[in-house]
Amino acid sequence: MSRGQAARTGGDLVVESLAALGATTVFGEPGQHALGLFDALRRSDLRYVGCRTELSVAFAADGHARATGSVTPFIVSTGPGALGTLPALMESRAAAVPVLAVSSQIPADGLGGRRKGYLHELPDQAASFRDVVKSVHVVRTAGQIAPALAEAWELALTAPAGPVLVEIPQDVLLAETAIPAVRELRVAPRPLAPGAGLVAAAADLLVRAANPVILAGGGVVRAGAQAALLELAEELDAPVATTFGAKGAFPWEHPLSLQSWLEDRHLTAFLEEADVLLVVGSGLGELSSNYHTMRPRGRVVQIEADLGKLESNHPGLAVHADARLALEELARAVKGARTGRDGAAGRSEAQPAARSGAQPVAQSAVRSAVRDVLARVAARLDAQDLALERSLLAAVERALPERAPSFWDMTILAYWAWSAWPRPMESAQGAGGLGYALPAALGAAAATGGPVLAVSGDGGAMYGLAELATLHQHRLDVTWLIVDDGGYGILREYMTDAFGAATGTELARPDFAALATAFGVPAWRTTPEDLESDLARALRTPGPSVVVLPATLRMFAPTHLAG
């Protein structure tokens, strides 16, 4: 066969399988052992977006998967290439994001720790991933490629969703194959439905409760359970707080919304005082429990798809289920129980049914209690000198188009957004690694067309500078806001509070605007006064842009350390 006439190879089986499974875009970074994959891409209709580091490749796939709600694949090479994706895969696992990692491997005769001395050789590459991803699928022959990818895809989507890895030896990717082209692959993620008895028990507790409260976690958003949550909350007249990973799970301005002030003791106390606390899609980890200071006094009902998180922090009625399926069943059961107790489907707007034999709680009193908690939170903030931080976050929110997604790095403005941002947002709070915002945003822009906002501090921005080239090359509609405070601002604050001085937090950094311009990306510096107009202009202008805000921000005082 002539050099210009390509034979079908194992690489073709990979890209054909991905397309058959529903992929439209694949992210990647070439490497020697993966060249058979990249050669096959040019014979495929898949859109390829190439990043500049493997870490960014995996973060971009994460952002794309969050934007589409489905599996996003990426392809990388062996050893250093594959290992470079681990921090991003850790984030995808913590946030239940369905990412399919396809990694090459050394030739098959070197597998099993035979120490052939191949470039990038590891005794057991898969072992490095087994505690990070949901599952590892090791391919040894061409005939295993399509089935392995289909199985991995299905597991990535099965609740709790998450990242998976498929690794394929170099020689299998390069070898010619007579296997027919892959045109169709079917997957059927297993539904994780709640047990009927558990739903009935949970409904009974909630109907009898005098003051039920709901804490909604990121699992509500990932499962698409927002409508079911709203229906249940209104049926129970139960206040709803959302975790930092659950932005958009419940309407921010709803009269039952406690919003997301989980690091404030006033909200912590309100959750503690519920006689039944319904926790949905959250493991009640440190960020969702005010650093493990929350101590519920009533019964806890926990709905969680990740079996390991059930009752991991607080005992209660454990319901192992997908959040949407469980909330839909629970809403029906609560309505049925109310109908049976009241003799009618409806109830007075002013007087809900009695709970636990206690005096009925007026609907207006529930809403008044919610307003009181939020007023106490606001008063605590008002007592601190935080006008700059609050005004900046509000300016960003006003500048961002209504349905535009935003991706946030681990930076002080993002920590503010966790509590105060009223709209859906994505951040790296699952694993807490730096460098997430820009590559995840470019992945989302590849899915939606943009505009997409990325927010970083100058420390986190240094992780993603190379992706300015990706933005320019692919003309992705991402606006990158960089808050430049001269170092790792939050660590500076933590260390100064703890030790009286900070070490290792101050950073030399480039002129970000000039550097972006050198990459062909329009950029400018702004001020707190001009941030809203400058950011809005950048977001309105198609294509990539960078807005740099020199500012030193502070966090509000913590409450988990009090006393």
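Nothing here was measured: the structure is a model prediction, and the numbers come from that model.
Formation of a donor-acceptor pair under 3.5 Å by the K309 side chain with backbone atoms of G285 is not found in this model. Formation of a donor-acceptor pair under 3.5 Å by the E329 side chain with backbone atoms of P194 is not found in this model. Between the side chain of D409 and the main chain of L434, no donor-acceptor pair closer than 3.5 Å is present. Looking only at distances, a side-chain donor or acceptor of D322 sits under 3.5 Å from a matching main-chain atom of L325. Formation of a donor-acceptor pair under 3.5 Å by the T9 side chain with backbone atoms of L173 is found in this model. Not a single donor-acceptor pair under 3.5 Å links the side chain of E263 to the backbone N or O of L287. Remark: the backbone N or O of A446 is paired with a side-chain donor or acceptor of R47 at under 3.5 angstrom. With hydrogens and angles ignored, the 3.5 Å screen pairs a side-chain donor or acceptor of E304 with a backbone N or O of S282. Checked by atom type and distance alone, the side chain of S427 never pairs as donor or acceptor with a backbone atom of W408 at under 3.5 Å. Judged purely by atom type and a 3.5 angstrom limit, R222 uses its side chain to pair as donor or acceptor with the backbone of A95.
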Is there a side-chain contact (heavy atoms from CB on, under 4.5 Å) between L155 and E151? Walk through the geometry before answering. CA-CA 6 Å; L155 284 171; E151 182 180 49; 4.3 Å; yes

Exercise for review: List the steps and the verdict of side-chain contact (heavy atoms from CB on, under 4.5 Å) for L41 and I75.
Suggested key: CA-CA 11 Å; L41 274 176; I75 54 178; 3.6 Å; yes

Evaluate side-chain contact (heavy atoms from CB on, under 4.5 Å) for W418 paired with M425, printing each intermediate quantity in order. CA-CA 9 Å; W418 288 351; M425 62 175 285; 3.8 Å; yes

Start with the C-alpha distance between I145 and V172, add both sets of side-chain angles, then the distance that settles side-chain contact (heavy atoms from CB on, under 4.5 Å), and finish with yes or no. CA-CA 9 Å; I145 289 175; V172 176; 4.1 Å; yes

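Taking the six-membered ring where tryptophan is involved, the planes of F27 and H64 are perpendicular, since the angle between them exceeds 60° and thus also 30°.
Residues L442 and H474 are not in side-chain contact: their nearest non-hydrogen atoms beyond the backbone lie 4.5 Å or more apart. Using a 4.5 Å cut-off on side-chain heavy atoms (C-beta onward), L438 and L471 make contact. Between F244 and S288 there is no side-chain heavy-atom pair separated by less than 4.5 Å. Side-chain contact between L549 and L535 is absent, with no heavy-atom pair separated by less than 4.5 Å. A heavy-atom distance below 4.5 Å is not found between the side chains of V71 and L21. Within the 4.5 Å cutoff, the side chain of L330 has heavy atoms near those of the I303 side chain. Looking only at side-chain heavy atoms (C-beta outward), L192 and T158 stay at 4.5 Å or farther from each other. P401 has its side chain within reach of L539: a pair of non-hydrogen atoms, C-beta onward, lies under 4.5 Å apart.
Between S104 and H33, the side chains place no donor N or O within less than 3.5 Å of an acceptor N or O (distance only, hydrogens not considered). The closest side-chain donor-acceptor pair between Q170 and T78, if any, does not fall under 3.5 angstrom. Side-chain contact check for S456 and T411: no donor-acceptor pair (N or O, by modelled atom type) lies under 3.5 Å.
When every heavy atom of L271 is checked against every heavy atom of L262, the shortest pair comes out as CD1-CD2, 4.2 Å. The minimum heavy-atom distance linking Q125 with Q105 is given by the pair CB-NE2, 3.3 Å. The shortest heavy-atom contact between L310 and A318 is CD2-CB, 3.8 Å. Between Q302 and G283, the closest heavy-atom pair is NE2-CA, 3.7 Å. Closest non-hydrogen pair, L327 versus A228, comes out as CB-CB, 3.7 Å. Scanning both residues, A34 and S77, for their nearest heavy atoms gives N-OG, 3.7 Å.
In this structure, E402 has no salt bridge (Lys or Arg N to Asp or Glu O under 4.0 Å) partners at least two apart in sequence or on a different chain. For E397, the salt bridge (Lys or Arg N to Asp or Glu O under 4.0 Å) partners are R423, not counting sequence neighbours. Scanning for ring pair (Phe, Tyr, Trp, His ring centres under 6.0 Å) contacts around F74 gives an empty result, with sequence neighbours left out. Looking at residues two or more places apart in sequence or on another chain, you find a side chain to side chain contact (heavy atoms under 4.5 Å, CB included) between D264 and W261, H266, V377, R380. The salt bridge (Lys or Arg N to Asp or Glu O under 4.0 Å) check on D485 picks up R492, with sequence neighbours excluded. Residues that satisfy the salt bridge (Lys or Arg N to Asp or Glu O under 4.0 Å) test with R66, not counting sequence neighbours, are D62, E91, E426.
In this structure, T505 OG1 and L491 CG are separated by 7.5 Å, a value rounded to the nearest 0.5 Å. L553 CG to I412 CD1: the interatomic distance, rounded to the nearest 0.5 Å, is 6.0 Å. Here the CE-CD1 distance, from M555 to I490, works out to 5.5 Å after rounding to the nearest 0.5 Å. The line from OH of Y488 to CE of M462 is 8.0 Å long, rounded to the nearest 0.5 Å. Considering CD1 of I106 and CD of E167, their distance stands at 9.5 Å, rounded to 0.5 Å. The distance from atom CD of E467 to atom CZ of F59, rounded to the nearest 0.5 Å, is 11.0 Å.
Remark: R93 does not engage D306 in a salt bridge, criterion side-chain N to carboxylate O under 4.0 Å.
Only one option out of L215, V300, L232 pairs with L278 in a side-chain contact (heavy atoms from CB on, under 4.5 Å); it is L232. Just one residue in the list V102, L149, V166 forms a side-chain contact (heavy atoms from CB on, under 4.5 Å) with S17, and that residue is L149.
In this structure, R475 places its CZ atom where more than 12 heavy-atom neighbours from other residues, nucleotides or ligands lie under 6.0 Å away. Atom CE of M90 sits in a sparse spot, with 12 or fewer heavy atoms from other residues, nucleotides or ligands closer than 6.0 Å.
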